[in-house]
Peer 1: 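Just dropping this structure here.
Everything quoted here is computed from the prediction, not taken from an experiment. Each residue takes its place number in the sequence, starting with 1.
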Amino acid sequence: MLYSCDKYFLSKAGKPTNWEDGGWGAWDEAELPEPEEEESASKNQKNYWLQDCVLSLSPTNDLMVIANEQKAVFLVSKWKHSDQGKEEMQYAVGWSGSLNVEEGECVSSVLCIPLASQKRSSTGRPDWTCIVVGFTSGYVRFYTESGVLLLAQLLNEDPVLQLKCRTYEIPRHPGVTEQNEELSILYPAAIVTIDGFSLFQSLRACRNQVARAAASGNENVQPPPLAYKKWGLQDVDTIVDHASIGIMTLCPFDQMKTASNIGGYNAAIKNSPPAMSQYVTVGSNPFTGFFFALEGSSQPLLSHVALAVASKLTSALFHAASGWLGWKSKHEEEPAQKQKPKVEPATPLAVRFGLPDSRRHGERICLSPCNTLAAVTDDFGRVILLDVTRGLAVRMWKGYRDAEVGWIQTVEDLHERETEKVDYSPFGNAQCPSRVAQFLVIYAPRRGILEVWSTQQGPRVGAFNVGKHCRLLYPGYKIMGLNNVTSQGWQPQTYQICLVDPVAGSVKTVHVPFHFALSDKKSERAKDMHLVKKLNVLLKAKASDPDSIEAEAKELILDIKYPATKKQALESILTSERVPLSSLTNITQTLMDNLEKQELECVDEGLLQFCANKLKLLHLYELVSKLNSQSIQEDTKPSENDLAKLLRLEEKDFQRLQTLLENYKKENTQTSVQFADENDDVLSVKMFLEYLEYEKDVINVKNMEDSKYVALGNFFFWKCLCGESSAEEMCHALESAGFSPQVLLSLLLNLWLSREKDILEKQDSTSCLYTMLSLLSKMKVAIDESWDTQSVSPWWQQMRTACIQSENNAAALLSAHVGNSVTAQIIDSVTEKKFSQIIVGSDTESWEALSLDAEYWQLLLKQLEDCLILQTLLHSQVSKRPKKVSSLQTEPLGRISVKKLLEGGKGGIADTVAKWVFKQGFNPLVLNLAQHRNNTESTEEAAELHTNIFLEEPEADEGLETILELLQLAYQQFPCSLELDVLHAHCCWEYVVQWNKDPEEACFLIRSIDHLRCIINAHVQHGIALMMWNTFIVKRLSSATYLMDKVGKAPKDRLCRRDVGMGDTAMTAFLGCCSDLLQTLLEADVSSDEMQAPVLDTEDAWMSVEGPVSIVELALEQKRIHYPLVEHQFVLCTILYAIMRFSLKSVKPLSLFDSKGKNAFFKDLTSIQLLPSGDMDQSVLSIRQQAFLQVTDKEVLASQLLILAGQRLAFSLLHVQTKESVELLARLPPTLCTWLKAMDPQELQNVEVPIATTAKLINRVIENLPENHGQYSLALNLIEAVEAISS
């Protein structure tokens, strides 16, 4: 269940598009059109589910609780990307389950109360949210966000009707009584109020107890008891809802009036009015009842807090089956549940007065934020506004059956206060306190309408058409635990009221500007808002003449009085896609002219500057569009020789560059940025104005997505890069408009690097980039005048940084060549000018200008060329995959950049190639073959390797030549990083890492060991093998050993998956690989004495790499193994493999070793362990002899060979189907057909076995099987089938 978050916002521009009405003030005459009736009753039933639920949303929007009967779900807010790519808040399930503890009890009310943090660094912010749940059994229970029960209270044995909360608010005026925080609980005939401070401390203590119990398991801190008051409400027939008004003090007149009413004219009057807590109830007889409880008339009761926290937590979640105390056993809980805690009696409290209406039954009451008004709904479809201070009904709305109500309190923004020229009211001074307005929100589900009314006697200021199945949520509280100090700091982001729509799956909040509380007939601001609304309607009209829109828009915007509203109206016009550019310019110019005609002191400087800035941007847009539309006469396209000279490259270097780019184009099949519009240079005025902003005569580009950044650069420069527009005129126009060269360079490079595919198709685009870059470099402040050749220019560093970060390596390499050439040209001109001043008339052509920037360019060019070659290799693929491909091998490889390689550490390049090798899945010998081809002296060895690869994988030969050529080129570029041992080490590690993700793919582990065996240097081979053993192998091998020892035979598939994490077939291959790994480790240990450890070098261009330590470096740091211990472990692996391979029974592998041998298994292979001596216990020898006899048992061997013959025959008949094989299959006995179909030919090491050889094998099986053996008849049928095939 997911909910997105949305808003209904009564903005200053009027109401949103779905706020339908005929115009300002039209609500006074007619109602909004009601939505159409639902199509079917089933649809009604489907959408009304939320009406049956108990619902609560935290005021901080971070937690929602939905409960129905015993079940509940806690939804937590998370920021996620929507389908449109924008981040939005959504609600996801954080916990769900049953909350009932007592039998038959149901949830009747829920509150989500955020509790304030006590940390100094986050004072005033919410720390966590407590969920308070009331039940029909009378219990009130408190939970954390994760469903852990903190405490439970039985304060009354009647069902809980309603939970309400009051949190601290700073009094607006000195005379207003400060209200304490409290939680009020309504029962059918009683009301319980829990002191907020006491509750806050208890909840914190209980939550801390949960943390301590989870951490230590033995602490049990008793939290402080809850302080509460319990009043028995008398003289009322029924009560369904209540409102706790808080503490009030009567004025002397009201005090005397009340005393006279109660005690007569002889009643004594106290000197100081008593403080009273006021409660208002709704129900029947009376319809609304007013109760007053004198402070001090009843002492607070102290409740024992029933902790739901065990000293030892067995689960983080609380379940009903666990019992409400949480730490007792199930049998001990039952009597404790039946014996309920003692319930304190209530203090009687008679109704003081009420609104008697015997026929009217109240349903809900909702107190306003200022505690002076309350809205009451009844069963007659009325909404009644009460003045709770005077006890009077001051207003009534009709026609709102089943209505839900809430309040919005809006504080005036002092900056927007109306100030008339002659205004002597206290509110005319902007330094006076802000005014506060109260708005009543009514949701009428029968009509599907949400209305906002100004109180007390104000008009309806807003209405929305919404669904008929929504729920209006008005918590009426904020964050508990604040006081007059902490609440003045950081203001929490809380909502006042929201609407939950189950059909749309959204939560919508309502915001009302303060000025809606002003008179809608006389307010100038209201008039302005009406004009803005009228303007919005005009801009959204479908069929309208642009000239008429322009004329009417001018009239409307000039009629608006307030500058802020004028600016808002102009923004609406500029963001409209229906208004043409000429009209936008004319409207903005008209408004600016009007402002300039006014007196200087009356003109709003901010609005005038805003108009001037937008006008400049509109003129710039018009100029750029004009330049893009003017096609210039195309010059002759530069030849390859011209381009080589432009880039200052020798002919052979230029040819090499072209070859690299052609290879890259062939292998690079990934899509690039595509533009939907046919005209690449088109950008709407709306987007143009949205992307740019003016500040102090300088144009800045706003922070935005890369695609939008590219679109802006596309609008400015693409025509210039294609040679279809004048680069000089464009650069001059942009510089004159206020663009800095650095911003223009950033836009140009982003465009160039993002449109790599188009650039590679247009050869002349490189010369155009040269022209553009030269023009930008000549702009003022592009290159600092103080720059000399021995310092790094920030201008060129900006360009190099963009190339380093780009993943489009071909475009980056071309732009780096252009940047290097332009830099050299500027350096030459600077140097020539300097030398001409020093030595007049001397020959300077033989001098070569040296520059630090030039050195950095040469380094970057080498890095980008290496990166391009590597990326080309990573894009290449074998044309035909030899076997079925794992899902892990189909995941796409990420693109690389110079920055990624520099941050990848010394092993980053080899690791990248290893990932590509894993995706391709070809033979490890391919890597050796490419290396041998580079070495001209080993041509015969290379031919032999090629033959071996072709024999092992005949289908792998297709498309291998291209990969070999690219590998050779990569080896030449990276002689150190892609040294053969280093590459095999990384491939070995990559395969074993991927195998660990999916142990069922045993071929990954096999291929990993193949790469391990290809490592020539024994030191590297030893270290990699030992790391593989410690990281991935030993734990699974230990599990497999103990499993096989426990069952005493080859375990079934289900047990293998449960204990080892792989099936029986995969485990057989795994055990064989373990033997191979240990064998390789032993051989490497012996060979390492005969050779030196390798020296790991790095190419000069990549000396500055930083990042994690490479696998090879870690391998060389490994300690030497203890040879006898590895041999001992190898023996165990061989035995385990034999048990699985031959499905041996009655063999416990650990029983074949004595106690010393058992203790030595799975220990660190570099440690010294006590190993078995030559003298072996006779009992152990006896067990070994029995196991050996089982292995050599002819019957067992014959059964295994029969399976082998069946696999070969199944491959011939079922997997290589011909007409003859289908006919033969039809003639075979059904039993034999079923048995053959159960065979798995994939286990075969060699499928190309002659049928005559298989026939000899079956004859040998028949010789070794007794006639009474269960498989003897199957072997006879099998030999007949083989003879039929051979004939």
Side-chain angles (χ1 to χ4, degrees), residues 620 624 627 646-647 673 681 683 688 691-693 695 698-704 706-722 725-756 759 765-787 791-808 811-827 830 851 853-854 856-857 860-861 864 897-899:
L620 175 62
V624 173
L627 290 175
L646 191 70
L647 299 180
V673 178
D681 61 322
L683 183 71
F688 184 81
Y691 296 165
L692 302 176
E693 60 183 358
E695 187 176 357
V698 176
I699 298 181
N700 295 318
V701 181
K702 298 178 182 176
N703 293 329
M704 51 192 177
D706 290 341
S707 59
K708 295 180 179 179
Y709 208 79
V710 171
L712 185 59
N714 202 72
F715 177 60
F716 287 149
F717 299 123
W718 183 245
K719 289 282 187 176
C720 300
L721 289 175
C722 295
S725 182
S726 173
E728 285 191 33
E729 292 183 10
M730 183 65 71
C731 289
H732 177 71
L734 296 176
E735 183 183 18
S736 302
F739 276 102
S740 68
Q742 287 75 15
V743 171
L744 295 178
L745 178 62
S746 179
L747 290 170
L748 177 62
L749 290 176
N750 269 275
L751 170 65
W752 177 269
L753 296 173
S754 65
R755 301 199 63 171
E756 181 182 72
I759 286 163
S765 61
T766 305
S767 60
C768 295
L769 177 64
Y770 183 93
T771 305
M772 292 290 301
L773 190 57
S774 299
L775 291 170
L776 293 180
S777 302
K778 293 175 183 176
M779 288 184 181
K780 293 181 180 179
V781 306
I783 300 177
D784 193 354
E785 294 179 359
S786 62
W787 172 71
S791 62
V792 178
S793 168
W795 173 259
W796 299 121
Q797 188 59 39
Q798 177 187 350
M799 186 173 181
R800 285 193 291 268
T801 302
C803 295
I804 287 172
Q805 295 175 348
S806 174
E807 295 179 357
N808 296 316
L813 181 59
L814 283 173
S815 62
H817 272 293
V818 172
N820 177 52
S821 181
V822 175
T823 305
Q825 181 194 10
I826 294 176
I827 290 172
V830 171
S851 162
D853 271 309
Y856 278 119
W857 276 121
L860 178 60
L861 286 172
L864 286 171
S897 64
V898 174
K899 180 182 179 183

Peer 1: Just verifying a value: how many Å separate Thr801 OG1 and Leu860 CG, rounded to the nearest 0.5 Å?
Peer 2: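 Interatomic distance, Thr801 OG1 to Leu860 CG, rounded to 0.5 Å: 9.0 Å.
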Peer 1: Starting at CD of Glu729, measure out to NE2 of His732 and round the result to the nearest 0.5 Å.
Peer 2: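 If we round to the nearest 0.5 Å, Glu729:CD and His732:NE2 are 9.0 Å apart.
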Peer 1: Would you check, one step at a time, whether the test side-chain contact (heavy atoms from CB on, under 4.5 Å) holds for Met779 with Leu744?
Peer 2: CA-CA 11 Å; Met779 288 184 181; Leu744 295 178; 3.8 Å; yes
Peer 1: So, for Cys720 and Ser726, which heavy atoms are closest and what is the spacing to 0.1 Å?
Peer 2: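 Shortest heavy-atom separation between Cys720 and Ser726 comes out as SG-O, 3.9 Å.
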Peer 1: Go through Leu721 and Leu748 one step at a time and tell me if the side-chain contact (heavy atoms from CB on, under 4.5 Å) criterion holds.
Peer 2: CA-CA 9 Å; Leu721 289 175; Leu748 177 62; 4.2 Å; yes
Peer 1: Check Val822 against Ser774 and note the closest heavy-atom contact, atom names and distance.
Peer 2: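 Scanning both residues completely, I find the closest heavy atoms to be CG2-OG, 3.8 Å.
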Peer 1: Does Ser897 offer a backbone N or O that forms a donor-acceptor pair with the side chain of Gln805 under 3.5 Å?
Peer 2: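 Judged by distance alone, no pair lies under 3.5 Å.
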Peer 1: Does some side-chain heavy atom of Val743 sit less than 4.5 Å from a side-chain heavy atom of Leu734?
Peer 2: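 A side-chain contact is absent here, since even the closest heavy-atom pair is not under 4.5 Å.
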Peer 1: Should Ile759 and Asn808 be marked as a side-chain contact (heavy atoms from CB on, under 4.5 Å) after you check the CA-CA gap, both sets of side-chain angles, and the distance that decides it?
Peer 2: CA-CA 11 Å; Ile759 286 163; Asn808 296 316; over 6 Å; no
Peer 1: Against Ser777, only a single residue in Ile826, Thr823, Leu745 fulfils side chain to side chain contact (heavy atoms under 4.5 Å, CB included); can you say which?
Peer 2: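 The residue from Ile826, Thr823, Leu745 that satisfies side chain to side chain contact (heavy atoms under 4.5 Å, CB included) with Ser777 turns out to be Ile826.
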Peer 1: Any donor and acceptor pair, going by atom type alone, linking the side chain of Asn820 with main-chain N or O of Ala816 inside 3.5 Å?
Peer 2: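 Judged by distance alone, no pair lies under 3.5 Å.
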Peer 1: Between Ser806 (side chain only) and Ala802 (backbone N and O only), is there a donor and an acceptor less than 3.5 Å apart?
Peer 2: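 No.
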Peer 1: When you measure from the side chain of Ser765 to the backbone N and O of Cys722, does any donor-acceptor pair fall under 3.5 Å?
Peer 2: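 Side chain of Ser765 to backbone of Cys722, a donor-acceptor pair under 3.5 Å: no, none is there.
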Peer 1: Where is the tightest heavy-atom contact between Val792 and Gln797, given as atom of each residue plus distance?
Peer 2: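 Residues Val792 and Gln797, closest heavy atoms: CG1-OE1, 3.7 Å.
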Peer 1: Ring centres under 6.0 Å, that's the criterion: do Tyr709 and Tyr691 meet it?
Peer 2: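 No, they do not, as the ring centres are separated by 6.0 Å or more.
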Peer 1: Under the 3.5 angstrom rule, does the side chain of Asp853 hit a backbone N or O of Ser793 as a donor-acceptor pair?
Peer 2: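 Yes.
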Peer 1: Does atom CD (Glu728) have a neighbourhood of more than 12 heavy atoms from anything else shown, all under 6.0 Å?
Peer 2: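 Atom CD in Glu728 is not packed in, count stays at 12 or less.
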Peer 1: After noting the C-alpha distance and the side-chain angles of Trp857 and Met799, does the key distance pass the side-chain contact (heavy atoms from CB on, under 4.5 Å) rule?
Peer 2: CA-CA 10 Å; Trp857 276 121; Met799 186 173 181; 3.9 Å; yes
Peer 1: Got Leu776 and Cys731 here, is their nearest side-chain heavy-atom distance under 4.5 Å?
Peer 2: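 The answer is yes, as the side chains (C-beta and beyond) meet within the 4.5 Å cut-off.
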Peer 1: Which heavy atom of Tyr770 sits nearest to which heavy atom of Ser821, and what is that distance?
Peer 2: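 Residues Tyr770 and Ser821, closest heavy atoms: CE1-OG, 3.3 Å.
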Peer 1: Looking at Ser815 and Ala812, would you say the former's side chain and the latter's main chain have a donor-acceptor pair under 3.5 Å?
Peer 2: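 Present.
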Peer 1: Measure the shortest side-chain to side-chain distance between Val698 and Phe739 over non-hydrogen atoms and say whether it is less than 4.5 angstrom.
Peer 2: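 With C-beta onward as the side chain, the pair stays apart.
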Peer 1: CD/Glu735 to NZ/Lys780 distance, rounded to the nearest 0.5 angstrom?
Peer 2: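 Answer for the CD-NZ pair, Glu735 versus Lys780, is 7.5 Å.
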Peer 1: How long is the straight-line distance from CG of Leu712 back to CG of Asn750, given to the nearest 0.5 Å?
Peer 2: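 Reported to 0.5 Å precision, the distance equals 10.0 Å.
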Peer 1: Main chain of Leu751, side chain of Ser754: is a donor-acceptor contact present, judged purely on distance under 3.5 Å?
Peer 2: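 A pair under 3.5 Å: yes.
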Peer 1: If you define the side chain from C-beta out and look only at heavy atoms, does anything of Val818 sit under 4.5 Å from Met772?
Peer 2: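 SC-SC contact between Val818 and Met772 ruled out.
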Peer 1: Between Glu693 (side chain) and Asn700 (backbone), is there a donor-acceptor pair under 3.5 Å?
Peer 2: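 Checking the backbone N and O of Asn700 against the side chain of Glu693, no donor-acceptor pair under 3.5 Å is found.
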Peer 1: Atom CH2 in Trp752, atom CG in Leu773: separation rounded to 0.5 Å?
Peer 2: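 The CH2 atom of Trp752 sits 10.5 Å away from the CG atom of Leu773.
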Peer 1: Could you report the tightest heavy-atom contact between Ala733 and Leu627, atom names first, then the distance?
Peer 2: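 Where Ala733 meets Leu627 most closely, the heavy atoms are CB-CD1, 4.2 Å.
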Peer 1: Using 0.5 Å steps for rounding, measure from the OG1 atom of Thr766 to the CG atom of Leu646.
Peer 2: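 It comes to 8.5 Å.
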